[in-house]
Amino acid sequence: MNHHGNRPPGKQAQSLAQHPARLVKDAFEQSQTGMVITDAEGRITMVNDAFCRIAGSDRAETTGWPIEHFFVSLRPHSRLPGSGDSAQTTALSWQQEVLCRQSDGESVPVLMLVDTLLDERRNPRGRLYSFVRFTTPGGELLDDRHWIHIDPMTGLPNWLLLRDRLDHALAQAERADTTLALLFIDIDRFKSINDAVGHIEGDRILGEIARRLQQEVRSKDTLARLGSDQFVVLLEKDGTAEAAQIVAERLQEALEPPFTSEDRYLLLTASIGVALYPGDAEDVETLIQAARSAMFMARKKGPGRLAFVDHRLTSRLKEKYRLESQLSEAIHLPDRHFALHYQPEFDRNSLRCTGLEGMLRWKHPERWQQPPGHYLDAIARLGLGVRLNRWLIQAVIADHRQWSDDASPLAQLPISLHLCEAHLAQDTFDSRPLDHFLRHLDTTSFDWLTLKVPAQGLGNDLDMTTHMLKRLEQLGIRLAVEELGSTPVDLAWLSRLPFHKATVDAQLTRAHRDGRRLVEASCRMLNSLGIEPVIVGVDDETVATDMEATSARLVQGNLYCPAMSAKALAAWLTEHQPPEE
């Protein structure tokens with residue numbers, strides 16, 4: 001008797017094989033994409049053979065384990081939403097690149113796609129994970145090292161792989177006492193071309209540039225993409241200046257045929273800088289920086305040019321980076337690395353000390369005698385001026401408080417301090433403008449303090465600067481402008497700003513043919529605005545003689561007294577201050 005109706009057995013088996021549930025199961029099991037189903041807690045309930053091959057584990061070793069056990073990601077894995085979360089507030093699907101851990105400890109790059117499984121009430125009850133291996137166009141698997149070290153747009157080595165090869169090449173060259181060359185390539189005007197054709201088409205053109213350059217580089221050399229439109233070629237063998245020039249010329253020729261973009265023909269050139277090991281640099285960072293600097297020199301000559309390292313420029317760059325590195329370390333421990341000295345200001349007629357200027361001194365074996373001007377620009381470039389300024393202000397307040405406690409005559413003298421330009425801004429690194437910082441310092445009054453604003457700080461956003469200066473004035477702080485005459489200043493604005501003093505550098509008499517007249521004109525102009533001029537930088541008798549005819553009453557410089565420590569200053573004042581008339 002046929003218990004299944006009138007359908008023959010063959011038809012029945014075929015019908016069962018085509019049942020949707022069976023098809024889904026077969027698709028899950030036979031897929032070459034690794035597939036995993038987890039429960040609401042993220043524990044594995046089902047896996048297919050493809051995932052077992054990717055993970056290097058069998059089903060028994062995967063079932064029941066948290067899915068996070070089998071991959072690592074730069075982003076933390078999101079937990080399954082709770083029943084109280086809505087689909088509107090939680091992503092139900094996403095994808096990301098991960099590294100799948102295999103049983104032998106190695107990791108392979110995989111694209112992971114995640115889909116949330118919902119129950120009949122639309123609440124999450126699990127997830128479906130799909131893992132897709134990265135392969136080459138020929139179907140070969142990419143290992144994790146290849147994936148991490150290859151630029152995805154061009155297929156060239158990226159910075160990580162270049163750095164690794166440079167380290168190896170430098171070590172080899174040092175052992176074998178040979179040379180190598182580094183070519184830094186920048187595609188001229190590529191940004192404007194990219195903007196004109198669009199970023200997608202620009203990326204395609206970059207890929208074509210990479211292919212052309214690659215054809216001109218020997219197999220034993222490395223062409224890498226640093227990012228944007230910049231490439232680097234490492235010549236490991238025969239890394240001489242002559243070989244580098246030949247390679248650079250070949251690279252330039254490779255770019256000569258026009259690039260096509262729809263109906264347009266684009267002409268591209270490259271600026272190339274060359275640095276040689278060991279002549280130009282002996283470590284990776286310096287070698288790359290030297291090649292980049294040479295590229296900038298090539299670009300200044302015009303498009304499509306080549307330049308080698310200017311050793312004078314390289315020497316200056318090395319000193320610049322050495323200085324910045326030392327300063328960066330010192331500013332984070334200012335009590336250890338810096339000292340506060342004071343230089344007296346004098347009434348030129350009576351030679352009485354009328355005030356003090358707090359001056360920074362770097363306790364560095366090579367730089368301790370240098371005035372701050374030698375390194376203030378570097379501090380500004382590093383964005384550390386506000387930090388150092390704050391330390392300086394706190395140190396001056398501590399000295400003034402000590403002099404007051406000791407009833408020292410130094411406490412009766414006004415003190416001026418240089419204010420870095422960045423301190424005039426509202427957006428300091430910790431969002432504390434200067435006036436907010438000052439209000440929280442341990443002092444009862446600021447009527448003895450003058451802050452000296454650099455004249456160049458008055459050239460940008462004068463409205464904001466004026467607002468800050470008036471807030472400082474409300475705290476009782478007096479204000480001065482320094483370096484007047486060396487930087488253009490709007491006199492109409494100067495007359496509106498709350499300055500009571502201004503410094504004029506006596507060295508202007510040597511820097512300009514009519515320097516003496518310039519100094520005197522500055523002094524007269526300041527006097528007419530009710531701002532008292534102070535002639536600074538009077539360091540020798542010749543300069544002092546040039547200043548005799550000026551209308552300034554106050555002077556300062558090493559000829560009268562050099563800067564000294566607070567302790568030495570107290571002894572000096574007792575011995576040299578003439579009695580008041």
So do [Y] and [X] actually touch side chain to side chain, heavy atoms under 4.5 Å?
X	Y	answer
Ile288	Leu166	yes
Leu251	Val217	yes
Leu469	Leu424	yes
Val47	Tyr129	no
Arg439	His436	yes
Glu216	Arg212	no
Leu438	Leu472	yes
Thr260	Tyr265	yes

If you measure from [atom1] on [X] to [atom2] on [Y], what distance do you get to the nearest 0.5 Å?
X	Y	atom1	atom2	value
Gln214	Asp221	CD	CG	10.0 Å
Met112	Ile67	CE	CD1	7.5 Å
Leu180	Tyr277	CG	OH	7.5 Å
Arg127	Leu118	CZ	CG	10.5 Å
His423	Phe437	NE2	CZ	6.5 Å
Leu156	Leu213	CG	CG	8.0 Å

For the residue pair [X] and [Y], what are the closest heavy atoms and their distance?
X	Y	answer
Ala270	Leu255	CB-CD1, 3.7 Å
Thr33	Ser130	CG2-CB, 4.0 Å
Leu206	Ser228	CD1-O, 3.5 Å
Cys420	Asn389	N-OD1, 2.7 Å
Leu170	Leu287	CD2-CD2, 4.4 Å
Pro303	Thr269	CB-OG1, 3.6 Å

Expected output: side-chain [X] to main-chain [Y] donor-acceptor under 3.5 Å:
X	Y	answer
Thr240	Ala243	yes
His332	Ser328	yes
Gln230	Gly227	no
Thr63	Ala60	no
Arg305	Ser271	no
Thr286	Asp283	no

Between the side chains of Asn48 and Glu29, does any donor sit under 3.5 Å from an acceptor?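 No donor-acceptor contact under 3.5 Å links the two side chains.
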
For Gln172 and Arg175, test the side chains for any donor-to-acceptor distance below 3.5 angstrom and give the result as yes or no.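 There is such a pair (donor and acceptor under 3.5 Å, judged by atom type) between the side chains of Gln172 and Arg175.
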
Would you please test Asp430 and Val386 for side-chain contact (heavy atoms from CB on, under 4.5 Å) and show each step? CA-CA 10 Å; Asp430 60 354; Val386 171; 5.8 Å; no

Apply side-chain contact (heavy atoms from CB on, under 4.5 Å) to the pair Ile205 and Phe190, showing each step before the final yes or no. CA-CA 10 Å; Ile205 294 172; Phe190 185 79; 4.1 Å; yes

Residues [X], [Y]: salt bridge by 4.0 Å N-O rule:
X	Y	answer
Arg121	Asp119	no
Arg250	Glu253	no
Asp195	Lys191	yes
Arg53	Asp49	no

Tell me which one of Leu266, Asp229, Ile187, Leu267 satisfies side-chain contact (heavy atoms from CB on, under 4.5 Å) with Ile193.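 In the set Leu266, Asp229, Ile187, Leu267, the residue that makes a side-chain contact (heavy atoms from CB on, under 4.5 Å) with Ile193 is Leu266.
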
Residue from Met297, Lys301, Met295 passing side-chain contact (heavy atoms from CB on, under 4.5 Å) with Arg299: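 Exactly one candidate clears the test, Met295.
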
Run the numbers on Arg204 and Phe259 for side-chain contact (heavy atoms from CB on, under 4.5 Å), then give the verdict. CA-CA 11 Å; Arg204 186 194 66 77; Phe259 291 76; over 6 Å; no

Tell me, yes or no, whether the heavy-atom count around Trp391 atom CH2, taken from other residues, nucleotides or ligands under 6.0 Å, exceeds 12.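 Atom CH2 in Trp391 is packed in, count exceeds 12.
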
Just do the salt bridge (charged side-chain N to carboxylate O under 4.0 Å, His left out) check on Arg381 and Asp377 with the steps written out, would you? CA-CA 6 Å; Arg381 283 196 306 270; Asp377 286 344; 5.7 Å; no

Please determine whether side-chain contact (heavy atoms from CB on, under 4.5 Å) holds for the pair Arg390 and Arg432, giving the CA-CA distance in whole Å, both sets of side-chain angles, and the decisive distance to 0.1 Å. CA-CA 11 Å; Arg390 289 182 179 177; Arg432 274 200 302 169; 3.3 Å; yes

